[in-house]
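Notes follow the structure.
Each chain gets a letter, A, B and so on, in the order its sequence line appears, and its residues count up from 1.
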Amino acid sequence: MNPEIRVRFAPSPTGYLHIGGARTALFNWLFARHHGGKFVLRIEDTDKTRQVEEATAAIYEGLRWLGLNWDEGPHVGGDFGPYLQSDRTHLYERYLKKLQDDGHIFEDQGALRFRSPREHVIVDDLVCGRIDFDLTNPGTHPDMTIRRPDGSWIFHFVNVIDDLEMKISHVIRGEDHLSNTPKHIEIFRALGARPPCYAHIPLILNKDGSKMSKRDEGARVEYYIKRGYLPAAVCNYLCLLGWSPKDNREKIDIDEIIRIFDLNQVGRSHATFDPDKLHWLNGEYARELSDSEFYDLGVAKLKSSGVKIDNYPEEYVRAALQTCKGKINTFDELPAYCGFYFTDDFDYNPEGVAKHFNTENKPLLKAVRDAFSALQKFDASEIEATLKATATNLGVRVGQIVHPTRLAVTGSNVGPSLYHLLEVLGKEKALARIDRAFSNF
RNA sequence: GGCGCGUUCGUCUAGUGGUUAGGACACAGCCCUCUCAAGGCUGGUGCACGGGUUCGACUCCCGUACGCGCUGCCA
């Protein structure tokens, strides 16, 4: 559609992918995909990091997990590489020379500074609108350093050179860079180049209004990977932070977002990250998973959290997980939810015991046991019919026998459908667990 | 301190001069129901404040407050 559109995500190798960075990457990616342009990944390791590969691994992993594939960058190459700043020093030297020749640079105790033209700089931001920065006062806007005495480069300079060299058409980045933009424009102009278009997107804040920092739980994409979130849900949620389809939709497929996304729907005010809403949205996506997707994800989570499922036939595990589908929002909740399928040695919920394992209920549970033992076919519909008939015979509501039974066979007050869970467990195990429960009355 | 940006329910947001200020999450209640979810219904809470402009301001202008960002030889 428009190959001239080139955007980039330019993280520094910190060892993790920040959720705010992921959102910035996402908006860049959406913009590129919407316009049929290119999404470039560039690592800003201004040569102070040796182990770039290790430190960038989490960034690559996070982006891939979110599905934000880059058209140019590390691993995939491209016509404007290399894509690691530490490999681009020759370029910076060349541009520095040019600036020096034109008298824009002066030395200050060994460091090199860019001499500001001392003018007003207008930033026409695609999100923030037109902003007039007055840079005429050296006292408030000192000349920026672009290279340290040890020869290493400062962000402002290399960032501009790379955007220029890589033919970046739109710089979409966090609002924390808004005040830096006029300085960047000054360098572009000193080089005789036209600056790219800018779009500064609002920051993501914590509950308490502070900037989300790496120390905050949930500030890293890694956290959501580990906790069993679905990438599609996280992406969708991130889109809703600072961007709106303006038609009250919340759950929107990424393809649809690509179709309708544009910078003019991006808001200007900061957004607070709301884990509850993400949790809800993840549940929406989890409920739509196919049976086999749910099974694969469920098995992975059970294994990684130490639930021993290897001793059970695949069909048993499959049936067990099937009873959990639609019930959980994140896979993190799964082990606690269905662990009873995979061990006979579970504790009973104390509140449940107090409420349901009492002398009044004991004969009721006994009746259930007898009714079950008489069953030839131990499937959900038979079990349901039996429980209902038993309740009728005893003159109680079915709930009154369901609760003690559930507690007896799962140890919990909540869980999958009792009828279906009993079918999966099987008659033998169900009877044994009921028998075991009697000693707790 | 200076400069910049922002401010609609607790949170994410719709809204661009006249709306009963809409939706979603969360919360509460009810329905459904074998529990929990899901689903359905109902409810409460919001335009930061003060001046203007206007017949009329959440919407426009100015100021104040508060928040955030930049102000590095961090990115």
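- If you check every strand for non-hydrogen atoms under 4.0 Å, Gly174(A) touches nothing.
- Contact annotation: Arg113(A) reaches the phosphate of rC73(B) (side-chain N/O to OP1 or OP2, under 4.0 Å).
- Note on Thr46(A): a side-chain N or O is less than 4.0 Å away from OP1 or OP2 of rA75(B).
- Considering only side-chain atoms of Leu203(A), the nucleotide from rC74(B), rU11(B), rC68(B) that sits closest is rC68(B).
- Comparing rU71(B), rU35(B), rA24(B) by their nearest atom to the side chain of Lys277(A) picks out rA24(B).
- Arg6(A) forms a cation-pi arrangement with Phe80(A), by the criterion of a distance under 6.0 Å to the ring centre and an angle within 45° of the ring axis.
- Relative ring orientation between Phe114(A) and His104(A) is described as parallel, the plane-to-plane angle staying below 30° on a 0-90° scale split at 30° and 60°.
- If you check distances only, the side chain of Arg268(A) never reaches the base of rC5(B) with a donor-acceptor pair under 3.5 Å.
- Arg147(A) comes within 4.0 angstrom of nothing in the nucleic acid, heavy atoms only.
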Worked verdict on Glu72(A) versus Arg8(A) for salt bridge (charged side-chain N to carboxylate O under 4.0 Å, His left out): CA-CA 9 Å; Glu72(A) 293 174 25; Arg8(A) 45 64 166 185; over 6 Å; no
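- Within 4.0 Å (heavy atoms only), Ile154(A) reaches sugar-phosphate atoms of the nucleic acid but no base atom.
- Residue Glu351(A) contributes atom CD, which lies 18 Å from atom P of rU35(B) at whole-angstrom precision.
- If you take atom C1' in rC25(B) and the same atom in rA38(B), they sit 16 Å apart, rounded to whole Å.
- In this structure, of rA75(B), rG4(B), rC36(B), it is rC36(B) that holds the atom nearest to the side chain of Lys327(A).
- When heavy atoms are screened at a 4.0 angstrom cut-off, Lys246(A) is found touching the sugar-phosphate backbone but no base atom.
- No N or O donor and acceptor, one from the side chain of Thr140(A) and one from the base of rC3(B), sit under 3.5 Å apart.
- Looking at heavy-atom distances under 4.0 Å, Gly415(A) makes contact with a base.
- For Thr145(A) against rG72(B), a side-chain-to-base donor-acceptor contact under 3.5 Å is absent.
- Spacing of C1' atoms, rA26(B) relative to rC9(B), comes out at 12 Å, to the nearest Å.
- Taking only side-chain nitrogens and oxygens, Thr272(A) comes nearer than 4.0 Å to OP1 or OP2 of rC12(B).
- Comparing rG50(B) with rA28(B), their C1' atoms sit 36 Å apart, to the nearest whole Å.
- Heavy atoms of Glu250(A) sit under 4.0 angstrom from at least one base atom.
- Atom name C1', nucleotides rG40(B) and rU33(B): the rounded distance is 13 Å, in whole Å.
- Ring planes of Phe438(A) and Phe441(A): tilted class, angle from 30 to 60°.
- Spacing of P atoms, rU53(B) relative to rC58(B), comes out at 16 Å, to the nearest Å.
- Within the nucleic acid shown, His200(A) has no heavy atom closer than 4.0 Å to any nucleic acid atom.
- Between Arg249(A) and rU13(B) there is no side-chain polar atom (N or O) within less than 4.0 angstrom of OP1 or OP2.
- Taking the six-membered ring where tryptophan is involved, the planes of Tyr92(A) and Phe157(A) are perpendicular, since the angle between them exceeds 60° and thus also 30°.
- Using a 4.0 Å heavy-atom distance criterion, His156(A) is classed as a base contact.
- Side-chain contact annotation: Ser290(A) with Glu293(A), donor-acceptor N/O pair under 3.5 Å present.
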